[in-house]
Amino acid sequence: QVQLVESGGGLVQAGGSLRLSCAASGRTFSSYAMGWFRQAPGNEREFVAAISRTGGKTYYADSVTGRFTISRDNAKNTVYLQKDSLKPEDTAVYYCAARASASLYYTYTTPYEYDYWGQGTQVTVSS
């Protein structure tokens, strides 16, 4: 079992930056592949970024490639999402997710592949 707590959301102007953090409980954080998803009102939850257990592999949705960066610090049990050049369409509740992974390098891009979820943090980008 792992519990996830996101932080770092807020209100930012278009073109600005935010860094989201997701702190995980437990001593086996490095056993989990991690991902970030987002959900805007009336929309389905969509994939944003994923990172492998070691951090050696990352994958991004086309809509955020070049603007967002996912990273992790296994010593701190934390995964991050650095968000630059924010746009109003990035407004959503952002969720981090975890799943145990036998692979050191695999990333997962659909919500159904994840077992654990945080409560979400709101990000609002004003135009």
Side-chain angles (χ1 to χ4, degrees):
Q1 287 271 348
V2 62
Q3 292 183 325
L4 304 172
V5 179
E6 301 99 333
S7 61
L11 174 64
V12 63
Q13 288 188 329
S17 298
L18 277 177
R19 188 175 82 155
L20 305 183
S21 299
C22 174
S25 65
R27 293 178 288 180
T28 59
F29 180 67
S30 60
S31 298
Y32 293 88
M34 302 296 294
W36 285 96
F37 292 79
R38 65 188 181 187
Q39 188 167 17
N43 291 354
E44 294 185 351
R45 191 166 297 188
E46 65 171 355
F47 168 74
V48 175
I51 190 165
S52 62
R53 286 175 52 187
T54 64
K57 293 291 186 182
T58 58
Y59 192 79
Y60 298 92
D62 290 344
S63 59
V64 306
T65 296
R67 300 189 298 121
F68 291 10
T69 303
I70 188 171
S71 62
R72 66 189 295 162
D73 186 337
N74 285 349
K76 295 183 178 180
N77 283 14
T78 303
V79 62
Y80 304 98
L81 185 67
Q82 177 67 40
K83 304 161 52 162
D84 300 319
S85 303
L86 282 161
K87 304 175 181 180
E89 51 264 43
D90 294 320
T91 295
V93 177
Y94 283 74
Y95 299 90
C96 71
R99 69 158 284 160
S101 176
S103 169
L104 294 175
Y105 303 109
Y106 201 75
T107 56
Y108 303 87
T109 61
T110 69
Y112 314 104
E113 294 178 291
Y114 287 87
D115 301 310
Y116 304 101
W117 293 84
Q119 82 289 349
T121 185
Q122 176 71 47
V123 172
T124 303
V125 184
S126 63
S127 56

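In this chain, residues are counted from 1 in sequence order.
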List, one per line, each side-chain donor-acceptor pair under 3.5 Å for residues 7-17, sequence neighbours excluded.
from	atom 1	to	atom 2	distance (Å)
S17	OG	D84	OD1	2.8

Next on the checklist: Over 60° means perpendicular and under 30° means parallel, so tell me whether W117 and Y95 are parallel, tilted or perpendicular.
Outcome noted: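 Perpendicular: the ring planes of W117 and Y95 meet at over 60°.
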
If you round to the nearest 0.5 Å, how far is [atom2] of [Y] from [atom1] of [X]?
{"X": "I70", "Y": "Q82", "atom1": "CD1", "atom2": "CD", "result": "12.5 Å"}
{"X": "R99", "Y": "Y112", "atom1": "CZ", "atom2": "OH", "result": "15.0 Å"}
{"X": "K57", "Y": "L104", "atom1": "NZ", "atom2": "CG", "result": "12.0 Å"}
{"X": "N77", "Y": "R72", "atom1": "CG", "atom2": "CZ", "result": "9.0 Å"}
{"X": "R19", "Y": "K83", "atom1": "CZ", "atom2": "NZ", "result": "13.0 Å"}
{"X": "L81", "Y": "T121", "atom1": "CG", "atom2": "OG1", "result": "11.0 Å"}

Restricting to side chain to side chain contact (heavy atoms under 4.5 Å, CB included), what partner residues turn up for [X], sequence neighbours left out?
{"X": "Q119", "result": "V5, E6"}
{"X": "A50", "result": "F47, T107, Y114"}
{"X": "S71", "result": "Y80"}

Checklist entry - Taking side chain as C-beta onward, heavy atoms only, is L86 less than 4.5 Å from F68? => result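 Contact flag for L86/F68 side chains = yes.
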
Checklist entry - Hey, are the side chains of F29 and K76 touching, using non-hydrogen atoms and a 4.5 Å cut-off? => result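 Side-chain contact under 4.5 Å: no.
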
Next on the checklist: Which residue is it: T109, D90, V64? I am looking for the one with a side-chain contact (heavy atoms from CB on, under 4.5 Å) to V48.
Outcome noted: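 With V48 as partner, side-chain contact (heavy atoms from CB on, under 4.5 Å) holds for just one option, V64.
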
Checklist entry - Would you say the side-chain atoms of S127 pair up with the backbone N or O of P88, donor to acceptor, closer than 3.5 Å? => result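 No.
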
Checklist entry - Y60 and R67: side chain to side chain contact (heavy atoms under 4.5 Å, CB included), yes or no, with the steps? => result CA-CA 10 Å; Y60 298 92; R67 300 189 298 121; over 6 Å; no

ILVMFWY cluster, [X] and [Y] together (side-chain gap under 4.5 Å):
{"X": "Y94", "Y": "Y59", "result": "no"}
{"X": "Y116", "Y": "I51", "result": "yes"}
{"X": "V125", "Y": "F37", "result": "no"}

Next on the checklist: Listing request: all disulfide bond (SG atoms under 2.5 Å apart) pairs with a residue in residues 18-127, at least two apart in sequence or in separate chains.
Outcome noted: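 For residues 18-127: C22-C96.
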
Item to check | Any residue meeting salt bridge (Lys or Arg N to Asp or Glu O under 4.0 Å) with E46, in chain and number order, not counting sequence neighbours | outcome: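 Only R38 meet the salt bridge (Lys or Arg N to Asp or Glu O under 4.0 Å) criterion with E46.
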
Checklist entry - So which heavy atom on L4 is nearest to which on A24, and how close? => result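 Closest approach of L4 to A24: CD2-CB, 3.6 Å.
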
Checklist entry - Just wondering, are more than 12 heavy atoms of other shown residues or ligands nearer than 6.0 Å to OH in Y106? => result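 Not more than 12 within 6.0 Å, no.
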
